[in-house]
Amino acid sequence: MPNKLFLNFLFLLLYKHRVKHLSIFFISTLIVFILSSVLLLSHALQEDIKQTLKSQPEFTIQKMRGGRSVDVPLFWADGFESIEGVVDVEPRVYGEYFYEPNEHHFTIVGIDFFELAHSKKLKKIISDIDIKKFLSKPNMIIGQGVKAFLDRYHFFDYYVFRPPDRSKIEVNIYDYFPKESSLVSNDMIIMDIDLARQILGVDEDEATDFALYSPNELEADNIKIKLILQHFDTRIIQKSDIQKAYDKLFNYKGGIFLILYMIVLLTFMMILYQRYSMIQSSDKKEIGILRALGWSIKDVIVLKIGESFIVAIFAFLLGFILAFIYVFFLNAPLLGAIFYGYSNLPTDIVLNKSVDFSAVFLLFLFYILPFMAAVLIPAWRSSVIDPLEAMR
Amino acid sequence: MIFLSNGVIVFLFIETLLLILLSVAFINVLTILKSWNFEATTTKQYILEKRSYLVLLIIFFTLSFKIILLPYFAYMIDTLSDVVPGAMCAAGVINANKYGVWLLWLKIFILFLVGIWIILNHYDLKAENYPFFKKKLWLFILIFALIAGESVLDILYLKNISTKSIVSCCSSIYGASGISNPIPFDLHVNELLALFYLLFTLSITTAIYRFKFFSLLSNIAFLYIAYYAVVYFFGTYIYELPTHLCPFCMLQSGYYYIGYFIWGTLFLGTFFGMSVSIIEYLTDIDLSRLFRYSIIFNTTFILICSTYVLLYYIKNGVFL
């Protein structure tokens with residue numbers, strides 16, 4: 001272990017040659033910054049989705065005809081309720097409502113306000129409103145993206161929907177979703193289930209799909225088999241399938257980025273190798289003096305490696321802190337678009353601060369190891385200079 | 001596609017970098033070994049000595065990272081269980097194809113050799129005339145060959161993990177199938193436990209009285225039996241479920257990553273117990289001092305395991 005004096009000397013040297021290390025320091029900070037922004041962002045989004053999925057139903061059941069999903073008949077619910085382990089069956093009405101001139105769409109979700117047993121998030125939002133007042137006339141709650149969109153077209157208080165039967169339905173804007181839930185609710189409109197049926201053109205004895213709630217995850221597989229046996233023309237979507245699909249998607253996006261980033265890292269290694277291979281005559285003299293003072297080759301190598309290591313560590317810390325600020329305080333402008341990938345309504349998201357320790361370790365390995373690997377050989381090369389030759 | 005998982009990409013990138021560095025060292029080692037003569041005062045010997053600094057630097061650097069990479073590998077495999085269908089923990093992913101188990105054992109064996117190399121290197125540098133210089137280079141060549149093989153296995157293993165076909169879960173791999181007893185020598189759990197504590201006592205005794213050869217034997221036996229004892233007895237107390245038999249689930253966050261400590265201390269304890277006599281066989285130096293590390297780590301291992309049983313008993317008033 002290097003002692004205190006050695007470290008003192010190391011930092012003095014670094015300070016003296018600060019101009020020499022500055023360029024490397026900036027490049028490394030930038031590299032760590034970009035890399036960690038991507039990893040932090042991808043992890044934060046994944047956590048967000050995980051939190052959202054927690055309150056989702058265990059199963060979603062759709063009716064299929066010829067590979068397309070069609071509306072489900074309401075009487076199916078009785079069959080599903082008879083399965084052991086299913087505590088609640090909820091018919092849902094939702095769909096996309098297109099705003100023709102601009103090729104945008106809203107997601108309309110119809111809710112039966114008197115049977116709102118399970119979706120905690122919705123419950124929380126709706127707990128503030130007076131249901132009687134809300135249902136007394138056509139009302140809706142809209143997401144932030146929808147709000148921004150409607151504001152642009154001067155629909156401040158209401159919007160006129162055109163259902164398939166060519167009538168007009170005027171619906172008042174009752175409230176907005178909070179920004180924190182923007183990842184899910186950005187383009188969402190919530191209204192009474194019967195109103196939603198009218199606007200989306202769903203028959204009275206049908207629904208878009210069923211949501212099945214079951215409190216025990218361990219029973220899910222058994223329930224799934226029973227569901228498959230009840231109807232042959234269904235598609236059953238399990239919660240864990242959605243979770244896996246999201247994981248795969250984020251892995252895929254992050255993975256492509258990392259593969260491209262490898263090229264950057266390799267180039268960076270080349271630059272480092274070149275930079276530290278250039279031994280100036282003043283450096284030579286310095287090493288010569290140290291060797292003449294009785295330092296062994298090993299000591300000089302430790303000194304040289306120590307120099308680059310400290311540059312690398314400080315660059316890592318600075319880059320990571322900057323990335324943290326960029327992602328969690330500035331909400332990752334520009335970079336976020338890669339991950340949200342939503343062209344419909346612009347998304348404005350507030351990310352929850354969550355840092356994955358393993359991601360930090362991954363980052364550390366991915367950056368420090370190439371850095372150190374690139375400086376090993378140059379550090380050795382400058383350390384074994386013949387002292388006599390160097391002093392000349 | 002498993003190759004697009006972030007952990008896998010970084011892991012393979014790092015392994016490749018390390019392999020390239022090791023290859024540079026390997027080529028230099030060959031030239032050094034060919035004409036190394038410490039007594040000579042020729043220019044060539046002088047150049048070789050300079051070069052040996054590079055070789056030792058690279059080897060030390062890469063092998064240290066290898067030590068960090070094994071727990072990371074376990075962690076990576078564990079996270080892959082989210083992507084591989086059917087897998088609940090690393091056990092399923094490791095058994096996803098025939099290469100997995102071999103790869104894991106090879107990695108552990110390499111780590112064992114790396115440990116010996118680092119100790120050897122330490123004592124070699126301490127001495128004035130590099131007495132074990134050639135030996136440690138030969139050992140390095142062995143390690144290099146194994147690491148090259150490991151890299152091939154890495155690729156083969158990761159390439160052949162399918163994200164489509166279903167793998168087994170740990171309870172079906174290690175669980176009691178009811179037909180045959182999975183514990184070696186057809187032991188009952190109680191007998192296994194007795195043997196476990198007896199072997200622990202033996203390894204501590206041999207370490208205290210510095211019976212090097214017996215310590216080697218007792219630690220090998222202890223490692224073997226301890227593995228089964230953890231999987232078939234102590235594990236059930238960690239999971240608090242008598243039917244949950246798995247050496248990998250304890251690596252997960254739900255059990256506070258205790259698995260890393262359990263397997264880590266077991267590896268270190270038995271490693272120091274065994275390496276003393278192996279190094280003495282190679283070099284004739286007396287490393288009995290290292291026995292105290294063996295005692296420390298083995299005792300920590302036993303304490304962690306036993307505490308789980310004890311806490312369970314205190315909380316619930318019964319044994320599983």
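So you know, we letter chains A, B, ... as the sequences are listed, proteins then strands, and number each from 1.
The contact between A:M269 and chain B is made entirely by side chain atoms (from C-beta outward), counting heavy-atom distances below 4.5 Å. Interface remark: A:L365 contributes backbone and side-chain atoms alike to the contact with chain B (heavy atom separation under 4.5 Å). With a threshold of 4.5 angstrom between heavy atoms, A:L363 does not approach chain B through any atom at all. Using a 4.5 Å cut-off between heavy atoms, B:Y46 touches chain A through its side chain atoms alone. With a threshold of 4.5 angstrom between heavy atoms, B:V55 does not approach chain A through any atom at all.
Cation-pi contact between B:K107 and B:F73: present, with separation from the ring centre below 6.0 Å and deviation from the ring axis of at most 45°.
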Could you go through the ring-ring contact (aromatic ring centres under 6.0 Å, His included) check for B:W117 and B:F140 one step at a time?
-> CA-CA 7 Å; B:W117 192 90; B:F140 166 71; 7.1 Å; no

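The one candidate from A:F371, A:F364, A:F366, A:F33 that meets the ring pair (Phe, Tyr, Trp, His ring centres under 6.0 Å) condition with A:F316 is A:F364.
Between A:F9 and A:W295, the gap from one ring centroid to the other is short of 6.0 Å.
Taking the side-chain hydrogen bond (donor to acceptor under 3.5 Å, both in side chains) definition, one finds that A:S296 meets it with A:D299, sequence neighbours left out. Evaluation of the side chain to side chain contact (heavy atoms under 4.5 Å, CB included) rule for B:T79 yields B:Y75 as partners, not counting sequence neighbours.
Options A:A359, A:P370, A:A379 differ in how many heavy-atom pairs under 4.5 Å they form with chain B, and the most are formed by A:P370. Heavy-atom pairs under 4.5 Å with chain A were tallied for B:F11, B:Y72, B:Y53; the largest tally goes to B:Y53. Heavy-atom pairs under 4.5 Å with chain B were tallied for A:L39, A:I297, A:L265, A:I305; the largest tally goes to A:I297. Of the listed residues (B:L17, B:I9, B:L56, B:L54), the one with the most heavy-atom contacts under 4.5 Å to chain A is B:L54. When each of A:I301, A:I256, A:L369, A:V384 is scored by its heavy-atom pairs under 4.5 Å with chain B, the top score falls to A:L369.
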